[in-house]
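Quick notes on the structure that follows.
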Amino acid sequence: MENALYIYNSLSRCKQPFKPLNAPHVGMYVCGPTVYGDAHLGHARPAISFDLVFRYLKHLGYKVRYVRNITDVGHLEHDADEGEDKIAKKARLENLEPMEVAQYYTNRYHAAMDKLNVLRPSIEPHASGHIIEQIAMVQKILDQGYAYVENGSVYFDIEKYNKEHPYGILSGRNFEEMLNTTRQLSGQEEKHNPVDFALWKKAEPKHIMRWPSPWSDGFPGWHMECSAMGCKYLGETFDIHGGGMDLMFPHHESEIAQSVAANGKQPVVYWMHNNMITIGGQKMGKSLGNFITLDEFFNGSHLNAKGEEMIAQPYSPMTIRFFILQAHYRSTLDFSNEALQAAEKGYNRLMEAVKAAKSLKATDGAQPLDIQKIVDACYDAMNDDFNSPIVIANLFEAVRIVNTVKDGKAQINAEELALLNKLFQDFVFDILGLVESNASEGSGALIDGLMQTIIDIRKQARANKDWATSDKIRDELAKLHITLKDGKEGTSWVVD
RNA sequence: GGUACCUUGCCCGAGUGGUUAGGGAUCGGUCUGCAAAACCGGGGACGGCGGUUCGAAUCCGCCAGGUACCUCCA
């Protein structure tokens, strides 16, 4: 399958034509969530960005195996709580089984992603379910001589590795430099070199998540799961590996080192990294404590540390999705109510037109409106490193045409009308993954019926030129945050 | 301190060596009993200073401001 898709590769720092190793099959691995807390807006970014990649590759006809892990073994905490991992800590604090915590947040993650219409990956492996694979890979690295055992823990020997393979090719740093800039953390006396990282860590007695291994009862190091599971399901070298930019170092860098050490080859052809979502120009992150969970966006309330309300109104999942897609995945995206409200309005306008396009009437022999040009522009945009903002800009061009035809100011022939509807189907629904219903949860048949009665009464009043009654109905409803919209085909209503 | 990146109109956000991004807001118009909604249209920009070039917002240099990574983070 020949196409013109270009992907920006973080490894080469440039856009490269996409050539899968085993077309039409494509292997893609994306770092998933650590399930010890609710997903926030930052988690939505990679999920949606790589959902876009997944959808577009499938649209192009590739058979994609998309692997996104669930990290339920936790990463080590480094501050005061020496060597305890995040899941275990949360479990201990809440007096739960660690797997109970992981399951709870995994369920909630899935629920939030479903709302955002993020497709489930082909395989969603759990780190805890692949301890054996991780131990095997650690052993392989030991056998190759790139790791050492110290007091039951296994560490990766970066100095040794760096002599044969440059360490730092992804993040652009070099070994000597790192020696000078790495902070000395306590509890790292076992390491031969402060930049070395753990492949296997011996568990302290209080540590509740532990597995037997040739070296100690313990748990795998921070980066093992992705290497082991990526290799298991996608092979020693696979096409695409994605994740947040903040994972580039040390996580992805270490993945490369581990895989090269174990298998002697680069694990990934195309490294893709989404940029961060910022809030007030600063990264939204768990450690910074400035994150807003997705449920809080959906419900419309979040108090910051100072007790200030940060969210002016509830935002539907599709508003969030559209907001994220309106920026390119490699740019930072700043959260603000103003930006979100603008996204909401734009999204509604797009969907209104998509709906209207379905009932447009074709006119025989109408002058061409060059819909094909818009279609081509959308493909060009996607082929240029998944440029969803340009796709959306072009879709609004189509929106303008729909509205012009709807207003009777232009005609469209049957062929182009079909093309227009296909454009919306392909790009709005299949590729961008937007869905139509943006309405907040069901108003129900009862309210619908009541509203219809009220609207009918007002319609009668207006027919009688009884403006007092008609305006009273409109004003009283407005006080209840119900807006009446008088259109050519009658009156509709919306709660805001 | 090291490395990388960013700075676009009122706001958000694309992009390009010469030609309209787009959305929101605003303004004008259509529609309306009036309004709202909806739709159409217009205006408005590339941090500062130099340089390369016929021509730069786009390339190069310097300056200013900002961010990310260097510690778990999407």
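Here is how names work: the chains are called A, B, and so on, in the same order as the sequence lines, proteins then strands, and each is numbered from 1. All values derive from a computational prediction rather than experimental measurement.
To the nearest whole angstrom, the two C1' atoms, one in B/rG23 and one in B/rG9, are 14 Å apart. B/rU58 and B/rG43 have their C1' atoms separated by 24 Å, with the value rounded to a whole Å. Between B/rC60 and B/rU53, the distance separating the two P atoms is 16 Å to the nearest Å. Look at the C1' atom in both B/rU19 and B/rA57: the space between them is 14 Å, to the nearest Å. B/rG29 and B/rA35 are spaced 12 Å apart, taking the P atom of each and rounding to whole Å. For the P atoms, the distance from B/rA14 to B/rG33 is 43 Å, rounded to whole Å. Atom name C1', nucleotides B/rG66 and B/rG42: the rounded distance is 34 Å, in whole Å. Nucleotides B/rC12 and B/rU7 have their P atoms positioned 13 Å apart, rounded to a whole Å.
Base pairing of B/rA37: no nucleotide in any strand meets the Watson-Crick or G-U wobble criterion (both distances under 3.5 Å). In a base pair of the Watson-Crick type (N1 to N3 plus N6-O4 or O6-N4) or a G-U wobble (N1-O2 and O6-N3), with each distance short of 3.5 Å, B/rA4 is matched with B/rU67.
One donor-acceptor pair, N or O on each side, does fall under 3.5 Å between the base of B/rA35 and the side chain of A/Asp486. The base of B/rG33 lies close enough to the side chain of A/Asp471 for a donor and an acceptor atom to sit less than 3.5 Å apart. For B/rG13, its base never sits under 3.5 Å from the side chain of A/Ser331 at any donor and acceptor pair. A/Arg13 contributes no side-chain N or O that forms a donor-acceptor pair with the base of B/rC5 under 3.5 Å. One N or O donor and one acceptor, one from the side chain of A/Lys283 and one from the base of B/rC73, sit under 3.5 Å apart.
Listed for the A/Asn304 side chain is a donor-acceptor partner under 3.5 Å among the backbone atoms of A/Glu308.
Dashed line: the shortest gap from a side-chain N or O of A/Lys89 to OP1 or OP2 of B/rC72 is not under 4.0 Å. Not one side-chain nitrogen or oxygen of A/Arg330 sits closer than 4.0 Å to the OP1 or OP2 atom of B/rC6. Regarding contacts with the backbone of B/rG24, a side-chain N or O of A/Arg349 is found under 4.0 angstrom from either OP1 or OP2.
With rounding to whole Å, A/Tyr8 atom OH is found 12 Å from B/rA4 atom P. For the pair A/His43 NE2 and B/rC73 P, the interatomic distance rounds to 10 Å; values are reported in whole Å. Protein atom CD1 of A/Ile401 is 11 Å distant from nucleotide atom P of B/rC40, rounded to whole Å. A/Gln282 has its CD atom 5 Å from the P atom of B/rA68, to the nearest Å.
Looking at heavy atoms from C-beta onward, A/Leu333 lies out of side-chain contact with A/Asn275 at the 4.5 angstrom threshold.
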Dump every N/O contact between nucleotides 9-12 of chain B and the protein below 3.5 Å, one line per pair.
unit_1, atom_1, unit_2, atom_2, d
B/rC11, O2', A/Glu338, OE1, 3.4

Protein and nucleotides 42-48 of chain B: nitrogen or oxygen contacts under 3.5 angstrom:
none

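Checked for salt-bridge contact, A/Glu344 and A/Arg321 miss the test: no charged N lies under 4.0 Å from a carboxylate O. Salt bridge absent: A/Lys15 and A/Asp385 never bring a charged side-chain N and a carboxylate O closer than 4.0 Å. Using a 4.0 Å cut-off between charged nitrogen and carboxylate oxygen, A/Asp475 and A/Lys479 do not count as a salt-bridge pair. A salt bridge is defined here as a Lys NZ or Arg NE, NH1 or NH2 lying under 4.0 Å from an Asp or Glu carboxylate O, and A/Lys373 with A/Asp380 fails to meet this definition.
A/Gly172 comes within 4.0 angstrom of sugar-phosphate atoms only, judged by non-hydrogen atoms across all strands, and of no base. Among the atoms of the strands shown, only primed sugar atoms or phosphate atoms (P, OP1, OP2) are found under 4.0 Å from some heavy atom of A/Arg400. Within the nucleic acid shown, A/His273 has no heavy atom closer than 4.0 Å to any nucleic acid atom.
Taken residue by residue, residues 386-394 of chain A places heavy atoms nearer than 4.0 Å to RNA chain B at A/Asn387, A/Pro389, A/Ile390, A/Ala393.
A cation-pi geometry, defined here as NZ or CZ lying under 6.0 Å from the six-membered ring centre and within 45° of its normal, holds between A/Lys286 and A/Tyr36. A cation-pi contact links A/Arg173 to A/Phe249, judged by a cut-off of 6.0 Å to the six-membered ring centre and 45° from its axis. Within the cation-pi definition used here (under 6.0 Å to the ring centroid, within 45° of the axis), A/Arg349 does not qualify as a partner of A/Phe396.
A donor atom on one side chain and an acceptor atom on the other are found under 3.5 Å apart for A/Asn383 and A/Tyr56. Of the N and O atoms on the side chains of A/Gln258 and A/Ser254, not one donor lies less than 3.5 Å from an acceptor on the other residue.
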